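This structure is a prediction, so every number in the text was calculated from the model and none was measured.
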Amino acid sequence: MKNNRLGNEAHDSTEELVKAAETATKQPFIKSAAFKCVTALLTVLLICGVFLTIMNGLLAVSPEERFERAIMKIYGKSVPATAVAVEDYNSNATINEAYKMGDGNYLVKSTGKGGFSGGTVTCWVVIEVKGGAISGVGKVIIDSNVGQSYINYINDKFLTAFTTNYEDGAYFTPAEGFIKTGATMSATAICNAVNGALDFVNAKFGNIKTEGEKLLESIQKVYGETQISVYGTDADGNEKLITAEDETVTSFISTPIINSTVTVSTMYKVRYTDGDKQIEHLLVTSTGKGGYEKGTVTCLTIATVENGAVAKIYKVTITENEKQSFIGKIDWLDKFSGLDISEGLVFTPTGDFLTTGATMSSTAICNAVNGAVDYLKALTLEGGNENE
């Protein structure tokens, strides 16, 4: 009997434990510890979300407020402004906003392309107007940038140079003294932003430049005060005098000549009178490869023509570059001048044709000039060029 009683008690205890376990496992989730943790987490997230929404509303800056801040930074006071429709007139820049200011000038927000790694720089540009035409660049300030690691290298002195160096019909490039060492491509993007703003305002007055005018001005800068005539070809390939009225221009090279080290893209002729002597030059634009970070340097190589044949290098100038941070250190381009264009003429980045610390830029320049020289050596002036 005793054994039976103990057995019954043990059985009852087991049933109670089982029932307790079942009760525990069947407890509603809403009362569980897991639910309490999830609820606490959601509450925290909700509170944070509400807080961030409130702060975002309090701290958000409207487009109008951003514009007013730009006005204050530029003018130092509030100035009446009327928005005008925007349109791009330059493939190297995008016009984001534009305003006709109370003082008669234009304020243009322009994004210049061509920065480091394909990035951009956006600037506010004041274009001064007088007598229905552009009279100067009043001020340039940087608004923002994309991917420009060294944008802090661009200082106020660089930006004020647009004002101090403005001339009628100005078209700014880093090669014309706007280089800030270590930020050449950011400088290029800024120049493109300013050029885009100038083209936009010029178009407002019907003063947008033709391709002929741009080409003539860029070449005239090389020759200074010397009055020159520039020749290209017409649609049929016949030699043609280029004028400022030409909407398009065509060089003697119909298709770019490309190899592993260089691309030769254009050739024009220049003629002028020196006393009683008629001077003729050939101008070849070529882009040398092999620069820093696989970048390039584009050069204009000018050669003299004597007795119907290409004779000597007259001058070499750099017109643009890609990714060459130390291009401003190149100071030996005059070493090319006067050299005979002979069969064995080849340039390498050594001796007079090398800048220590800019070896790869020097390489690209040598490649550019070699490509131009090879083109000129193969040139038969009476019958054209075997590469055309």
Item to check | Verdict with supporting geometry, I228 and Q220, side-chain contact (heavy atoms from CB on, under 4.5 Å) | outcome: CA-CA 7 Å; I228 61 173; Q220 187 66 63; 3.4 Å; yes
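- Side-chain N/O atoms of T348 and T350 include a donor and acceptor closer than 3.5 Å.
- Side chains of N370 and V262 form no contact here, defined as non-hydrogen atoms less than 4.5 Å apart.
- Grouping the Ile, Leu, Val, Met, Phe, Trp and Tyr side chains by contacts below 4.5 angstrom, directly or via other members, places V346 apart from I341.
- Ionic pairing of K377 and D374 is present here: one or more N-O contacts between side-chain nitrogen and carboxylate oxygen are shorter than 4.0 angstrom.
- Counting only N and O atoms by type, the side chains of T298 and E320 include no donor and acceptor under 3.5 Å apart.
- Shown here is E167, whose CD atom has no more than 12 heavy atoms of other residues, nucleotides or ligands within 6.0 Å.
- In this structure, I154 and L159 have side chains that are in contact, with non-hydrogen atoms separated by less than 4.5 Å.
- By the 4.5 Å heavy-atom criterion applied to side chains, L300 and I302 are counted as neighbours.
- Side chains of L282 and V305 form a contact here, defined as non-hydrogen atoms less than 4.5 Å apart.
- Side chains of I365 and C299 form a contact here, defined as non-hydrogen atoms less than 4.5 Å apart.
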Could you tabulate the donor-acceptor pairs under 3.5 Å formed by side-chain atoms of residues 76-88, not counting sequence neighbours?
unit_1 : atom_1 : unit_2 : atom_2 : d
E87    : OE1    : Y89    : OH     : 3.3
D88    : OD1    : I95    : N      : 2.8

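- Here the side chains of F353 and V369 are not in contact, with every heavy-atom distance at 4.5 Å or above.
- The shortest distance between side-chain heavy atoms of I74 and I71 does not fall below 4.5 Å.
- Heavy-atom contacts from other residues, nucleotides or ligands closer than 6.0 Å to CG of D334 number more than 12.
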Under 3.5 Å donor-acceptor pairs involving side-chain atoms of residues 119-132, not counting sequence neighbours:
unit_1 : atom_1 : unit_2 : atom_2 : d
T122   : OG1    : T111   : OG1    : 2.7
W124   : NE1    : D143   : OD1    : 3.3

Checklist entry - Passes side-chain contact (heavy atoms from CB on, under 4.5 Å), L283 versus I219? Steps please. => result CA-CA 9 Å; L283 286 66; I219 294 176; 3.7 Å; yes
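- Checked against the 6.0 Å centroid criterion, the rings of F172 and F162 qualify as a close aromatic pair.
- Counting only residues at least two apart or on different chains, the salt bridge (charged side-chain N to carboxylate O under 4.0 Å, His left out) pairs with a member in residues 232-251 are E239-K269, E239-R271, K240-D246.
- Residues forming a ring-ring contact (aromatic ring centres under 6.0 Å, His included) with Y99 (at least two apart in sequence, or on another chain): F67.
- There is no side-chain donor-acceptor pair under 3.5 Å between E211 and T248.
- Residues passing the ring-ring contact (aromatic ring centres under 6.0 Å, His included) test with Y106: none are found, sequence neighbours excluded.
- Side-chain contact between W332 and S362: present, with at least one pair of heavy atoms (C-beta onward) separated by less than 4.5 Å.
- Within the structure, the ring-ring contact (aromatic ring centres under 6.0 Å, His included) test picks out the following pairs touching residues 265-306 (sequence neighbours left out): Y223-Y272, Y223-H281, Y272-H281, H281-Y314.
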